[in-house]
Trainee: 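First the structure, which I've put down as structure tokens, then a few questions once you've had a look.
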2 protein chains.
Amino acid sequence: MNIPSDTKYSDTEIKIKNAAKCLFLKKGFSATKTREIAKESNINLALLNYYFTSKRKLFEIIMLETLHDFLSKMVEVYNDEKTTLEEKLKLTSSKYIDMMIAEPHLPTFVVNELKNDPSSFLKILKGKMIMKSKLVAQYNDGVKKGLYKKIEPIHFVTNILSLIVFPFISSPIIIKMQKLGKNDFIEMMNKRKKLIPKWIIQMIKK
Amino acid sequence: MNIPSDTKYSDTEIKIKNAAKCLFLKKGFSATKTREIAKESNINLALLNYYFTSKRKLFEIIMLETLHDFLSKMVEVYNDEKTTLEEKLKLTSSKYIDMMIAEPHLPTFVVNELKNDPSSFLKILKGKMIMKSKLVAQYNDGVKKGLYKKIEPIHFVTNILSLIVFPFISSPIIIKMQKLGKNDFIEMMNKRKKLIPKWIIQMIKK
DNA sequence: TTTTTTATTAATCATTTGTTTAATTCATCT
DNA sequence: AGATGAATTAAACAAATGATTAATAAAAAA
């Protein structure tokens, strides 16, 4: 029984999109060839244009969906009204690290293709203003109460994301430098789930 | 009067290499076309193959040189015998941030193309083991003396690089999110030169 | 069932792209 | 000046690549 998670798209369209997403994530737009997408999804080459008009259009659809998923998951945690700042840090850290263990190509892809076309980013970023999130509000509160040092919030947010995301972006380097196996790297990232919130707190606590 | 900084290469070769490096850094291997390199460097298309055999060979040369420069500058600071750990942090932060302000495409390029072919990384990484650097030794000393918390050194090094490099990799996102101009972003990064060393110290200090 | 619409296919087209060739210019040496 | 080798050029080639077409099969509507 099929769950109609995406009723907008037919089976064939989903097959194409899945294969395309996988390839685009791994190799980027230019290095991914339409024939490769067709082969990987077991469809005829012409169906790609039949359903998606062009490679570029297909790419843009995938780009927007991927970006949307990515940012939505972020903002969920940041805007939770019930959790404290420290809890948010723990949840963020844990959630994103899991997310990127599952899809290791995601951060590089987002960062890369956004460099070429930041306009798609704006389309998605409507209700997802991290800088106006509950997390930032809680940090500012802490500053006012004299609990936290005053840093510009953009640095605060940047630091959190840096410590979480950068290791994944640079994973090939870390793996080579440390002569790790893939599982060792995952192990290392799992350890960071607990460490990163502590580090962030130490950075801001008076 | 020409300074024979690179006597190995003729004028034409240098023109080609410069244009190619610029394009490869900006757009990656696949998206950069040989005709574009020829046009940008004002040389005939055939000269590219005449001097460098193939696009791929040219790319590999540029890749290795860029990587070499990048890592050399890193290790210089890390292995300075005269400076303290805290001084090294300040120097690192300041030096790399300047470097990436000058060449904003560098980190994304390195990270990207290394993902596809980490072998070139190993060729370069001979004498440049960051993990066996003076910096790490000094940190370990500090731990023994009870000054610093004990974290695995790989996390220590990863954190430094994360806080320095990630903002540049994600600069299009930061710029859009904060509605910054390019100069505002540079301003922000210049502020981080002083902040990052402090943050790192707070993270490790007991 | 018949008709009409939709989905799929193989073949082909028109560019693009990396590379090569063969001719020409330029510089160097005798 | 003339000969030799390197540097440069315009033209062309072959393969790859994104896209289209026209024919066929499958599904839906009548």
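The chains referred to below are lettered A, B, ... by the order of the sequence lines, with proteins before strands, and numbering in each begins at 1. Just the heavy atoms: all of them, side chains too, but no hydrogens, waters or symmetry mates, feed the values below.
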Trainee: For residues I196(B) and S93(B), report the shortest heavy-atom separation together with the two atoms involved.
Mentor: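 Nearest pair, atom of I196(B) first, then S93(B): CB-OG, 3.7 Å.
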Trainee: Could you grab the distance from atom NZ of K55(A) to atom CG of L48(A), nearest 0.5 Å is fine?
Mentor: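 Here the rounded value is 10.0 Å.
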Trainee: Students often get this wrong, so: under 4.0 angstrom with heavy atoms, is S30(B) touching a base, only sugar-phosphate, or nothing?
Mentor: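 Since no nucleic acid heavy atom lies under 4.0 Å of S30(B), the category is nothing.
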Trainee: How would you label the contact of R56(B) with the nucleic acid (heavy atoms, under 4.0 Å): base, sugar-phosphate, or nothing?
Mentor: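 It contacts nothing in the nucleic acid.
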Trainee: Checking ring-ring contact (aromatic ring centres under 6.0 Å, His included) for the pair F59(B)/F24(B): CA distance, chi angles, key distance, verdict?
Mentor: CA-CA 8 Å; F59(B) 178 80; F24(B) 282 142; 4.9 Å; yes
Trainee: Could you tell me whether a side-chain N or O of S171(A) sits under 3.5 Å from a main-chain N or O of P167(A), the two making a donor and an acceptor?
Mentor: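 Not a single qualifying donor-acceptor pair exists.
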Trainee: Going by an N to O cut-off under 4.0 Å, is there a salt bridge joining E65(B) and K21(B)?
Mentor: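 No, E65(B) and K21(B) are not salt-bridged.
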Trainee: Please check this pair: side chain of D184(B) against backbone of G181(B), looking for a donor-acceptor N/O pair closer than 3.5 Å.
Mentor: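 Yes: the side chain of D184(B) pairs with the backbone of G181(B).
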Trainee: Measure from CG on L58(A) to P on dG18(D) and round the result to the nearest Å.
Mentor: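 Nearest whole value for this atom pair: 11 Å.
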Trainee: Can you list, in residue-number order, the parts of residues 37-45 of chain B that come under 4.0 Å of DNA chain C, counting heavy atoms only?
Mentor: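 Within residues 37-45 of chain B, the residues near DNA chain C are L45(B).
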Trainee: If you check the Y50(B) side chain, which of dT8(C), dT19(C), dT8(D) turns out closest?
Mentor: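 Looking only at side-chain atoms, Y50(B) lies closest to dT8(D).
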Trainee: Between atom CD in E36(A) and atom C1' in dG18(D), what is the gap in whole Å?
Mentor: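 My rounded result for the distance is 14 Å.
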Trainee: Nearest whole angstrom, please: distance from the P of dG18(C) to the CZ of F59(B).
Mentor: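 It is 13 Å, rounded to the nearest whole Å.
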Trainee: Using a 4.0 Å cut-off on protein heavy atoms (strictly under), produce a 5'-to-3' string for nucleotides 21-26 of chain D with B for base contact, S for backbone-only sugar-phosphate contact, and - for none.
Mentor: B-----
Trainee: Expressed in angstrom and rounded to an integer, what is the separation of K15(A) atom NZ from dT8(C) atom C1'?
Mentor: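 Result: 11 Å.
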Trainee: Rounded to the Å, how far apart are R35(B) CZ and dT20(C) P?
Mentor: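 Rounding to the nearest Å, CZ of R35(B) and P of dT20(C) are 13 Å apart.
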Trainee: Do the side-chain N or O atoms of T12(B) get closer than 4.0 angstrom to the phosphate oxygens (OP1, OP2) of dA7(D)?
Mentor: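 For dA7(D), OP1/OP2 do not have a side-chain N/O of T12(B) under 4.0 Å.
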Trainee: Using whole Å, report how far CZ of F52(A) lies from P of dT20(D).
Mentor: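 That distance rounds to 15 Å.
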Trainee: Just the rounded figure in Å: distance from C1' of dA7(D) to CG of L47(B).
Mentor: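 Computing the L47(B):CG to dA7(D):C1' distance gives 7 Å.
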Trainee: Is it the case that the ring center of F166(A) lies less than 6.0 angstrom away from the ring center of F168(B)?
Mentor: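 They do not qualify: ring centres at least 6.0 Å apart.
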Trainee: May I ask you to say what Y51(A) touches in the nucleic acid, namely base, sugar-phosphate or nothing, with a heavy-atom cut-off under 4.0 Å?
Mentor: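 Answer is sugar-phosphate: Y51(A) comes under 4.0 Å of backbone atoms only.
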Trainee: Check whether any side-chain nitrogen or oxygen of T34(A) sits under 4.0 Å from OP1 or OP2 of dG18(D), and answer yes or no.
Mentor: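 Answer is yes, contact under 4.0 Å.
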Trainee: Given side chains that start at C-beta, do those of I101(A) and I97(A) come closer than 4.5 Å, heavy atoms only?
Mentor: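 Heavy-atom side-chain distance check passes, below 4.5 Å.
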Trainee: From C-beta outward on K33(B), which listed nucleotide comes closest to its side chain: dT9(C), dG18(D), dG18(C)?
Mentor: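 Selected nucleotide (nearest to the side chain): dG18(C).
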Trainee: Can you tell me how far P of dT6(C) sits from CD of E13(A), to the nearest Å?
Mentor: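 Result: 13 Å.
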Trainee: Any idea how F156(A) and Y139(A) line up, ring-wise: parallel (<30°), tilted (30 to 60°), or perpendicular (>60°)?
Mentor: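 Parallel.
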Trainee: For M74(B), does its backbone N or O pair with a side-chain atom of Y96(B) as donor and acceptor, under 3.5 Å?
Mentor: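 Between the backbone of M74(B) and the side chain of Y96(B) there is a qualifying donor-acceptor contact (under 3.5 Å).
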